[in-house]
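Report on the structure given below.
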Amino acid sequence: MRRSLVVGNWKMNGTLASAKSLVKDIVSGLGNTNADIAVCPPFVYLPEIDQSLQGAHLKFGAQNVADQESGAYTGEISASMLKELNCTYAIVGHSERRSYYGETNESVAARFSQALSQGVCPVLCVGETLEQREQEQTFQVIDEQLDAVIDHAGIASFAEAVIAYEPVWAIGTGKTASDEQAQEVHQYIRQQIAKRDQTIADNLQILYGGSVKPDNAKGLFAMPDIDGGLIGGASLDAESFVKIYNSI
Ligand code: PEP
């Protein structure tokens, strides 16, 4: 049985005070759900979040990680720095990083490997744009995004990683993929991994991301290949985030 996981991606939002109160409210709202849960605050808040969450069921991670180990890379944050701050996860290849900051499949693959090398679990985001979907290129895009990471890090690395399927057209738009549309791609991703290693595919957590809200989470999470969610906007509100988590 795969464990379920819900991850909140706070993006560039909030203040130190709001970050601290958000984690406090999430922790106090958590009931008996046994699934995994994490938040990814902005880098600068990670030390405080680490302090507030010592021993809590709520884990945390970063929204990105450098594609190099260390050195003259102004503005970047290395995987060893994230490890030092006790990050469990690092999101890599989010579509906003790919489209606004020019991250390529190759640089995402290098970030994925850097995270793994420090024992930080990469949450690899993949997904197609609306144009690519309309041109029936969804599976080809997913293949290219996955293959770059498999070539760089090897299939065995997926035993220590999470994949998030995030159709770009559903992120922050209020348009969610239907349960069936999401399941179709999740199943495809699992099959692509299974072609290389069935056990890794069976155990791999594949999250859905794209306008998940308390009212659509249950249907998505009930799909056989959807193991939870990567949540943007709704993760900034403790009540909504906990409701989504409790839909697992
Ligand atoms: C995201 O940015 O990863 C995301 C899924 O955002 P939203 O939930 O706001 O669509």
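We number each residue from 1, following the sequence as shown. First listed ligand is number 1; within each ligand, the first listed atom is number 1.
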Taking all non-hydrogen atoms of both residues, which atom of [X] and which atom of [Y] are closest, and how far apart?
X: Thr129; Y: Val168; value: CA-CB, 3.9 Å
X: Ala156; Y: Ile200; value: CA-CD1, 3.7 Å
X: Ala182; Y: Leu220; value: CB-CD2, 4.0 Å

Original post:
Are Ala170 and ligand 1 in contact, using a heavy-atom cut-off of under 4.0 Å?
Top reply: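 Flag set, Ala170 near ligand 1.
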Original post:
Any link between Ile231 and Val39 through a network of hydrophobic side chains (Ile, Leu, Val, Met, Phe, Trp, Tyr) touching at under 4.5 Å?
Top reply: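 Linked within one cluster.
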Original post:
Any N or O on Gly232 sitting closer than 3.5 Å to an N or O of ligand 1?
Top reply: yes
Original post:
Can you find an N or O of Gly172 that's nearer than 3.5 Å to an N or O of ligand 1?
Top reply: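 For ligand 1, there is an N or O atom that lies under 3.5 Å from one belonging to Gly172.
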[atom] [closest protein heavy-atom partner, distance rounded to 0.1 Å]:
atom: atom 5 (C) of ligand 1; result: Glu166 OE2, 3.1 Å
atom: atom 2 (O) of ligand 1; result: Lys11 NZ, 2.5 Å
atom: atom 9 (O) of ligand 1; result: Gly233 N, 2.9 Å
atom: atom 1 (C) of ligand 1; result: His94 NE2, 3.2 Å

Original post:
Taking the inter-plane angle between the rings of Tyr208 and His186 on a 0 to 90° scale, is it parallel (under 30°), tilted (30 to 60°) or perpendicular (over 60°)?
Top reply: tilted
Original post:
How about Phe112 and Phe158: are their ring centres within less than 6.0 Å of each other?
Top reply: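 Distance test on ring centres: under 6.0 Å, yes.
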Subject >> ligand 1-proximal atoms of Asn9, by part, heavy-atom distance under 4.0 Å >> reply: side chain
**OP:** Mark up the atoms of ligand 1 that fall under 4.0 Å of a heavy atom belonging to Gly210, in ascending order.
**Re:**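 Those qualifying, in numeric order: 5 (C), 10 (O).
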Subject >> Side chain Gln63, main chain Lys11, donor-acceptor under 3.5 Å >> reply: yes
Original post:
Among Ser211, Pro167, Gly209, which one has a heavy atom closest to atom 7 (P) of ligand 1?
Top reply: Ser211
